[in-house]
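Quick notes on the structure that follows.
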Amino acid sequence: MTETRFDPAVADDRWQRAWTDAGTFTADSNSPKPKSYILEMFPYPSGRIHMGHVRNYTMGDVLARYQKMRGFEVLHPMGWDAFGMPAENAAMEKGVHPGGWTRQNIAQMKAQLQRIGFALDWTREFATCDPEYYGHEQALFADLYEAGLVYRKESTVNWDPVDMTVLANEQVIDGKGWRSGAEVEKRKLNQWFLKITDFADDLLEGLGSLEDWPEKVRLMQENWIGKSQGLEFSFDLSDGGKLAVYSTRPDTIFGASFCAIAADHPIAQSLAADPEVAAFIDQCKKGATTAAALETAEKLGYRTPITAKHPFTGADLPVFIANFVLMEYGTGAVMGVPGHDQRDFEFATKYELPILRVVASDPAKADEPFKGEAEAGDGVIVNSDFLNGMSVEDAKQAVITRAESGGWGEGRTVWRLRDWGVSRQRYWGTPIPFIHCDACGVVPVPKDQLPVTLPEDVSFDIPGNPLERHPTWKHVDCPKCGAAARRETDTLDTFVDSSWYFLRFASQPADRPFDPEEVAKWMPVQHYIGGIEHAILHLLYARFWTRALAHIGKISVAEPFAALFTQGMVTHETYSRIDATRGVPVFFGPEEVNRSSEGATLLADGGTVEVGRVIKMSKSKKNVVDPDNIIARHGADAVRWFMLSDSPPERDLPWSDAGIEGCARFVQRLWRLFGQASAGGAGADAEYDKALDRKLHQTVAAVAEDIEALSFNKAVARIYELVGAVEKAPLSSTRSDAIRKLAVLVSPMMPHLAEEARATYGLGTGLVAESAWPDVDPALLVDDEVTIAIQHMGKLRDTVTAPKGASKDALEALALASANLQRSVDGAAIRKIIVVPDRLVNIVT
RNA sequence: GCGGGCGUGGCGGAAUGGUAGACGCCGGGGACUUAAAAUCCCCUGAGCUUUGCUCGUGCGGGUUCGAGUCCCGCCGCCCGUACCA
């Protein structure tokens, strides 16, 4: 046979059409087969598919194709998380409509995904900006309102005083508005909230059932929900009033040396007649609202004339207004224990307040000075009257008991988790379906009037919410009394859109968000794959929506995702030069640079550029590789193979040209091997090659195991080994059989190559994508012989071959017969011999 | 600041507490070729007094017959931190 090359430019398109024509990946909910729902986090349509998407969807694709070969009816859908800020930014910068921009991006990205040959059921595609989708979302939101899970309250936002608009945290840079450069202020707005805290206990409990979630994600969610037992109690104030505080560390109450209240605490407000106090309160309003900004900002306080009486010692503690205390948490006031809380320590140091030790590593160290920081750890209570000698836990209980019997406080379970603020003062999102009437108050839009659609005629030439300033959109009649009323102009957080999309993929009736019976057939998602950056918010919100919908009887599953996998990023080295005049680095893209093993030069002028760290691909660092170019050059299968090779899927994957070229070479190497399928083997028993057959069966079993564990890099390594072994094996029927099965084995990763090889070389009938995974003969999985390590004092001295399952005595004898071992032992008395069957013998002298 | 994770050759990585470096990339040598590409074969952690020995999994301790793996304390980097998605 003349040697040919595999041509992905022809084959990729041919097989993508064949799968579409055959409806290979269209999920049938009425199939009698067991169901498997494979889902990757749907993309935001930013414009182009990037390598991170390719990696994410390749992993899901391998699973989907593999599961299909294992006899499952697979649902593997794709859609678009299409609302969000980038569309509005594009509208501002380019003068386009967010909807048009988004639709164009979707069309482009869909075509890109199709060129990679993903086994997706495109019949279920939708975008969250489809009025049909967000209309159903509005109906669900109204249902949750009816169930008492939606309410309104004041909360703080970032306010740009120049642009007169709310800023997202991302739009606040170093405490300033990204466009205006003005110092950001905190401002209060009346906003919509979802009662996720009603489900705090359920969401925490539920983590225990998520055995196939990464331990780290469960831990992060547990800490985020943050259940803790503490004490709420009141101080008697010098002005005759009371100050309620909450503490998770009542055990340290004897260490309290001050109290601190939030700037918008009623007591602070009551003192605001004093211009100094008013000025301080104003100062506290400066800055952004993020936890990181609040926690790292310099601790500032204003000492009020009021003092608080310590409930045990009777000491008068100064009361401060402080910028690090938030009205939203607990009671908006805290007791300051500088010795055992880092924030309090910094505050006390600045304002020269006593720093008392009430916890020590042991009672003898009750007077040990602090080493420049608070000690938040465990220990024994000291300097604390009746608590002395107790553990931290016992002391907490003792204080709570004493407060409750004394009637001045009580134990309370509190959660770190806060209710979910879903209001956004933006255009490109789901309109919140409510109407404000002066007479009737807040009235939901009747369901037969849904969807509340976004107006098309909006402008983005000035900052702020276009819905707010639209001439007619918000002016409506009250559905209840018919009087003139105002439509809500806030839209929903886009995390709401992504909190139930997996249900809509499973079932898409026109008149309802989903059909519970159809949903029950597919849910929960068997494998959910996406980035670790979603470990908390998206995954917690989706879990909450699922539980909330179950709570109001819409569905019967409690947890949406049976198994979760968080994949790493695709990274690339950076190329830069320092701009001589401005002193800042100027970055260059990989296509502008000639990279050799010694370094890199700029194609434009031949001068050297600095090769920087390997970091996440980003436009600003220009270290982006476009999947389209790579697919055009090497074909989809080489890219897919690269995405799965080398790096474990949960870790970052550094992109390299050498790597993708190696993958493209391997595709051709396999193609050549597939061409040898009919060489030599006539099927006679004499041609049976047991060693090769064993390798084949072991590899099939191991690759299946690796895919199921999503250890794609190990599956890839196994396949390399098998390919090497088949290439080296003499011609035989076993070898031909191995080649045919190899095409099936690699097909989840390299589906186009597998189909083309089967069709060209007659390796089987029908589509590989619709074939069964090869069977494994368990008898061939076990080796007859094993290599035994011979150690002296834990150091390797020799290896010997022994029959599998050899007795301890036999292995001991083999070890002692080793000349290398004897030389090392050098006649010393043997104290002990450790034998690990089929593994090693360790001689201890 | 707080919560979580990661750290192994030149590079990506493999390794139920049991032979550290499988597999791939890069690099070196060779075969084939008029030549190149492609392909194939061999070598490739460091060092040494090289039948073999010593060192070596971010740093410092510890547990163990035996530690990349378990424990304690550090360092560095990454993710999240509630209005980026």
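First the proteins, then the strands, lettered A, B, ... as listed; each starts at 1.
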What I'd like to find out is whether the side chain of A/Val844 reaches to under 4.5 Å of the side chain of A/Met793, using heavy atoms alone. yes
Answer yes or no: is there a side-chain heavy-atom contact under 4.5 Å between A/Thr491 and A/Tyr134? no
Check each of A/Thr165, A/Val166, A/Val172 against A/Asn158 using the side chain to side chain contact (heavy atoms under 4.5 Å, CB included) test, and report the only one that passes. A/Val172
Counting just side-chain N and O atoms, does [X] come under 4.0 Å of either OP1 or OP2 of [N]?
{"X": "A/Arg665", "N": "B/A38", "value": "no"}
{"X": "A/Arg651", "N": "B/A14", "value": "yes"}
{"X": "A/Asn713", "N": "B/A14", "value": "yes"}

Starting at atom [atom1] of [X], determine the distance to atom [atom2] of [N], rounded to an integer number of angstrom.
{"X": "A/Lys832", "N": "B/U64", "atom1": "NZ", "atom2": "P", "value": "10 Å"}
{"X": "A/Lys619", "N": "B/A85", "atom1": "NZ", "atom2": "C1'", "value": "13 Å"}
{"X": "A/Leu644", "N": "B/G13", "atom1": "CG", "atom2": "C1'", "value": "15 Å"}
{"X": "A/Tyr44", "N": "B/A85", "atom1": "OH", "atom2": "C1'", "value": "8 Å"}
{"X": "A/Leu294", "N": "B/G1", "atom1": "CG", "atom2": "P", "value": "15 Å"}
{"X": "A/Trp641", "N": "B/C23", "atom1": "CH2", "atom2": "C1'", "value": "10 Å"}
{"X": "A/Arg797", "N": "B/G66", "atom1": "CZ", "atom2": "P", "value": "14 Å"}
{"X": "A/Asp646", "N": "B/G10", "atom1": "CG", "atom2": "C1'", "value": "15 Å"}

Crowding at [atom1], [X] (>12 non-hydrogen neighbours, <6.0 Å):
{"X": "A/Lys153", "atom1": "NZ", "value": "yes"}
{"X": "A/Asn190", "atom1": "CG", "value": "yes"}
{"X": "A/Glu705", "atom1": "CD", "value": "no"}
{"X": "A/Lys616", "atom1": "NZ", "value": "no"}

Given the [atom1] atoms of [N] and [M], what is the spacing between them in whole Å?
{"N": "B/A20", "M": "B/G68", "atom1": "C1'", "result": "8 Å"}
{"N": "B/G9", "M": "B/G58", "atom1": "P", "result": "7 Å"}
{"N": "B/C72", "M": "B/A82", "atom1": "C1'", "result": "34 Å"}
{"N": "B/C70", "M": "B/U19", "atom1": "P", "result": "16 Å"}
{"N": "B/G52", "M": "B/G18", "atom1": "P", "result": "26 Å"}
{"N": "B/U44", "M": "B/C26", "atom1": "C1'", "result": "11 Å"}
{"N": "B/G62", "M": "B/G13", "atom1": "C1'", "result": "29 Å"}
{"N": "B/C11", "M": "B/U63", "atom1": "C1'", "result": "35 Å"}

Check: B/C83 base within 3.5 Å donor-acceptor of A/Gln425 side chain: yes
When all nucleic acid strands are considered with a 4.0 Å heavy-atom cut-off, which category describes [X]: base, sugar-phosphate, or nothing?
{"X": "A/Ser647", "answer": "sugar-phosphate"}
{"X": "A/Val716", "answer": "nothing"}
{"X": "A/Gln191", "answer": "base"}
{"X": "A/Phe666", "answer": "nothing"}
{"X": "A/Pro43", "answer": "nothing"}
{"X": "A/Arg718", "answer": "nothing"}
{"X": "A/Val166", "answer": "base"}
{"X": "A/Ser46", "answer": "nothing"}

Show me, range against range, the stems involving RNA chain B, built from at least 3 consecutive Watson-Crick or G-U pairs below 3.5 Å. B:1-7 with B:75-81, B:10-12 with B:23-25, B:27-31 with B:39-43, B:45-48 with B:52-55, B:58-62 with B:70-74
Can you give one letter per nucleotide of nucleotides 76-82 of chain B, 5' to 3': B if a protein heavy atom sits under 4.0 Å from the base, S if only from the sugar-phosphate, - if neither? -SSSSBB
Its contact letters, B for base, S for sugar-phosphate only and - for none at protein heavy atoms under 4.0 Å, make nucleotides 15-21 of chain B read SB-BB--
Taken in chain and number order and not counting sequence neighbours, the residues that satisfy ring-ring contact (aromatic ring centres under 6.0 Å, His included) with A/Phe712 are none
With sequence neighbours left out, write down each residue that passes side chain to side chain contact (heavy atoms under 4.5 Å, CB included) with [X], or none if nothing qualifies.
{"X": "A/Leu781", "answer": "A/His697, A/Gln698, A/Ala701, A/Val776"}
{"X": "A/Asp706", "answer": "A/Ser711, A/Lys714, A/Ala715, A/Arg718"}
{"X": "A/Glu88", "answer": "A/Arg426, A/Tyr427, A/Trp428, A/Phe460"}

Answer yes if the ring centres of A/Phe502 and A/Tyr528 are under 6.0 angstrom apart, and no otherwise. no
Between A/Glu727 and A/Arg672, does any NZ, NE, NH1 or NH2 come within less than 4.0 Å of an OD or OE carboxylate oxygen? no
Checking [X] now: which residues fulfil salt bridge (charged side-chain N to carboxylate O under 4.0 Å, His left out) with it, not counting sequence neighbours?
{"X": "A/Arg48", "answer": "A/Asp626, A/Asp628"}
{"X": "A/Lys227", "answer": "A/Asp201"}
{"X": "A/Lys216", "answer": "none"}
{"X": "A/Glu185", "answer": "none"}

Mapping A/Glu727 and A/Ser656 to their closest nucleotides on RNA chain B, which lands nearer the 5' end? A/Ser656
Measure from the side-chain heavy atoms of A/Glu721 and tell me the nearest of B/C40, B/A22, B/G1. B/A22
Enumerate all atom pairs, one protein N or O and one N or O from nucleotides 49-51 of chain B, separated by less than 3.5 Å.
none

